[in-house]
Protein chains: 2
Amino acid sequence: MPGPIQSLERAAAILRLLAGGERRLGLSDVASSLGLAKGTAHGILRTLQQEGFVEQDPVSGKYQLGAELLRLGNSFLDVHELRARALVWTDDLARSSGESAYLGVLHQQGVLIVHHVFRPDDSRQVLEVGAMQPLHSTALGKVLAAYDPVAHSEAAEGERAALTGRTVTSAADFEALLDLTRARGWAADLEETWEGVASIAAPVYDRRRMPVGAVGISGAVERVCDDDGAIRPRLVAAVRDCARAVSRDLGAGRF
Amino acid sequence: MPGPIQSLERAAAILRLLAGGERRLGLSDVASSLGLAKGTAHGILRTLQQEGFVEQDPVSGKYQLGAELLRLGNSFLDVHELRARALVWTDDLARSSGESAYLGVLHQQGVLIVHHVFRPDDSRQVLEVGAMQPLHSTALGKVLAAYDPVAHSEAAEGERAALTGRTVTSAADFEALLDLTRARGWAADLEETWEGVASIAAPVYDRRRMPVGAVGISGAVERVCDDDGAIRPRLVAAVRDCARAVSRDLGAGRF
DNA sequence: GATGAAGGTCGACATTGTCGACCGCGTCCC
DNA sequence: GGGACGCGGTCGACAATGTCGACCTTCATC
């Protein structure tokens, strides 16, 4: 394989750097963070700015991500076949379950949320499309880790941070959890990622029967579980039905 | 000014090409569309793929936009100060007006929607964040064209397509419309972009009193206008109040 | 008004991306 | 069935290209 294009790799690194740091970054920050000469970093930033991928605050001279990224990210959603097929089914899932519905795919070391349907009530909610979730602690992530070999190695080799007191961090426990997930065909997250929040997810397959994503719901643990602390079977059934429906829509045939 | 980086410009052109065409594109399509040698296009695509900006369909070999763009677009929203300040006010605007609320900024030759609050009812709506709207026919666009010199030249020099029978296309009429907008301090769009849809928008200023965006509402013309076909003053007031509130939040002071 | 650090420019250098010919594979059509 | 086309992808020579580090200007600080 011939070598990748250096200037592009560096441009991508700059964009990721700008995306990571909360605040705007100056030219010198960017150059030193990536070990580049100032002139080099400036040339890349200037081109990125010209193309709209980066914007510069006129007064401070600092850089931040540009609007073109939002436009392209939206175009990505338009083309995304899995998301298009899942739109109507996740809508039904949110309505029938009364909780927020999510569609996630593997991206780098996490789950990228590509679709999110708000919980059907009038509460104020923030859209999480484009956000990342950890593989090891969320229901969506566990499903991907259990069924997608690439996701599995990312989750197994990556760090498993203890996000709450209930997060499973040890390798053996995590593998046991994935075995359970494969045996049941779905995964849960009982306050392992956020205190008070539980979620349920199931895998989505494409026409070649390969796992390509996961759908799930997420909500307050008091609603997702019954009085004994057990996950409500009705919700599990709704999630699995939705996953099957989307898979069928993708051409995976019946199970 | 030293020259921009060629490979980056080409990579950006490829991404825009992939964003524009509805379907996936093959290597040869990309190369011939941009007048590049196949080897060159392949090198850029390979690097973009490695960085997650482009994905390749394993069976057809065709390319489409990648998930990293969604993630970065989301990060752009996180950093966007105008959007952050407008979140709560646009929420109020949607609630008080009963219509969808939008926040738009100038981007290239159009209005980029950076925030969108659904109309507060249970109807199925699609999120338009990341979408582009024309400058010459929408209320948001007219506000920007009226107050932002850059937007004005883009709108004046660009093509003004007749999207409906009521779209204003002639240069003189358009300038008159902008004069009216400046005189009133707000703009309207009465079925000039989509049949049956009317919208109202007002400008948002930053701490230097420069126009940086526009907020507005959009809805069925029957609801936005009264029985005589006149725009409901209550809605105009709500939009202008919201624009003032956001401007104040940005440090523009009182008017 | 000296100082330092910021963003930005410049020009020499050789690294680096580019080009077009070439490869292997699948498909379509004789 | 076999040849020819078109596809995605590779290769290596060449020089155009991006890179580097010294330098400039500006601004805030002391």
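All chains are named by letter (A, B, ...) in the order of the sequence lines, taking the proteins before the strands, and each is independently numbered beginning at 1.
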Atom [atom1] of [X] and atom [atom2] of [N]: how far apart are they, to the nearest Å?
{"X": "Leu36(A)", "N": "dC20(D)", "atom1": "CG", "atom2": "C1'", "value": "11 Å"}
{"X": "Leu27(A)", "N": "dT26(D)", "atom1": "CG", "atom2": "P", "value": "17 Å"}
{"X": "Gln6(A)", "N": "dG18(D)", "atom1": "CD", "atom2": "P", "value": "11 Å"}
{"X": "Gln50(A)", "N": "dG8(C)", "atom1": "CD", "atom2": "P", "value": "14 Å"}
{"X": "His42(A)", "N": "dG7(C)", "atom1": "NE2", "atom2": "P", "value": "11 Å"}
{"X": "Leu34(B)", "N": "dT18(C)", "atom1": "CG", "atom2": "P", "value": "12 Å"}
{"X": "Glu9(B)", "N": "dT18(C)", "atom1": "CD", "atom2": "P", "value": "11 Å"}

Review point. Which sits closer to the 5' end of DNA chain C, Ser28(A) or Leu8(A), going by the nucleotide each is nearest to?
Key: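 First, find each residue's nearest nucleotide; the 5'-ward one identifies Ser28(A).
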Review point. Base, sugar-phosphate, or nothing for Gly39(A), non-hydrogen atoms under 4.0 angstrom?
Key: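 Gly39(A): base contact, heavy atoms under 4.0 Å.
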Practice item. Using a heavy-atom cut-off of under 4.0 Å over every strand shown, decide if Thr40(B) touches base, sugar-phosphate, or nothing. Key: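 Answer is base: heavy atoms of Thr40(B) come under 4.0 Å of a base.
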Practice item. Using heavy atoms and a sub-4.0 Å distance, could you list which residues of residues 59-67 of chain A are near DNA chain C? By number, please. Key: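 Heavy-atom cutoff 4.0 Å gives Tyr63(A).
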**Study point:** SB check Asp91(A) Arg124(B) (cutoff 4.0 Å)
**Key:**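 Here Asp91(A) pairs with Arg124(B) in a salt bridge, since their nearest N and O are under 4.0 Å apart.
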Of the listed nucleotides [options], the one nearest the side chain of [X]:
{"X": "Gln56(B)", "options": "dG8(C), dG9(D), dT18(C)", "result": "dG9(D)"}
{"X": "Ile5(B)", "options": "dG7(C), dT18(C), dT19(D)", "result": "dT19(D)"}
{"X": "Lys38(A)", "options": "dG7(C), dC22(C), dG17(C)", "result": "dG7(C)"}
{"X": "Ile44(A)", "options": "dG20(C), dG18(D), dT19(D)", "result": "dT19(D)"}

Review point. For dC19(C), does OP1 or OP2 lie under 4.0 Å from any side-chain N or O of Arg10(B)?
Key: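 Yes, such a contact exists.
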Practice item. Take Arg207(A) and Glu81(A) through the salt bridge (charged side-chain N to carboxylate O under 4.0 Å, His left out) test and state the conclusion after the steps. Key: CA-CA 12 Å; Arg207(A) 60 184 67 82; Glu81(A) 188 187 354; 3.4 Å; yes
**Study point:** Whether Tyr147(B) and Tyr205(B) hold their rings parallel, tilted or perpendicular, with breakpoints at 30° and 60°
**Key:**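 Taking Tyr205(B) first and then Tyr147(B), their aromatic rings stand perpendicular (interplane angle over 60°).
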Review point. Counting distance only, does the side-chain N/O of Asp57(B) pair as donor-acceptor with the main-chain N or O of Gly61(B) below 3.5 Å?
Key: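 A pair under 3.5 Å: no.
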Review point. Taking atom P in both dT15(C) and dG11(C), what distance in whole Å separates the two?
Key: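 Result for the P pair: 22 Å, nearest Å.
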Practice item. Give every residue pair that meets the salt bridge (charged side-chain N to carboxylate O under 4.0 Å, His left out) criterion with at least one member in residues 103-114 of chain B, sequence neighbours excluded. Key: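 Of all non-adjacent pairs touching residues 103-114 of chain B, none passes salt bridge (charged side-chain N to carboxylate O under 4.0 Å, His left out).
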Review point. Could you state the interatomic distance from NE2 (His136(A)) to CD (Glu154(A)), rounded to the nearest 0.5 Å?
Key: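 His136(A) atom NE2 to Glu154(A) atom CD measures 14.0 Å (nearest 0.5 Å).
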**Study point:** Residue pair Ser7(A) / Ser7(B), side-chain donor-acceptor N/O under 3.5 Å
**Key:**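 Note: Ser7(A) and Ser7(B) side chains meet the donor-acceptor criterion.
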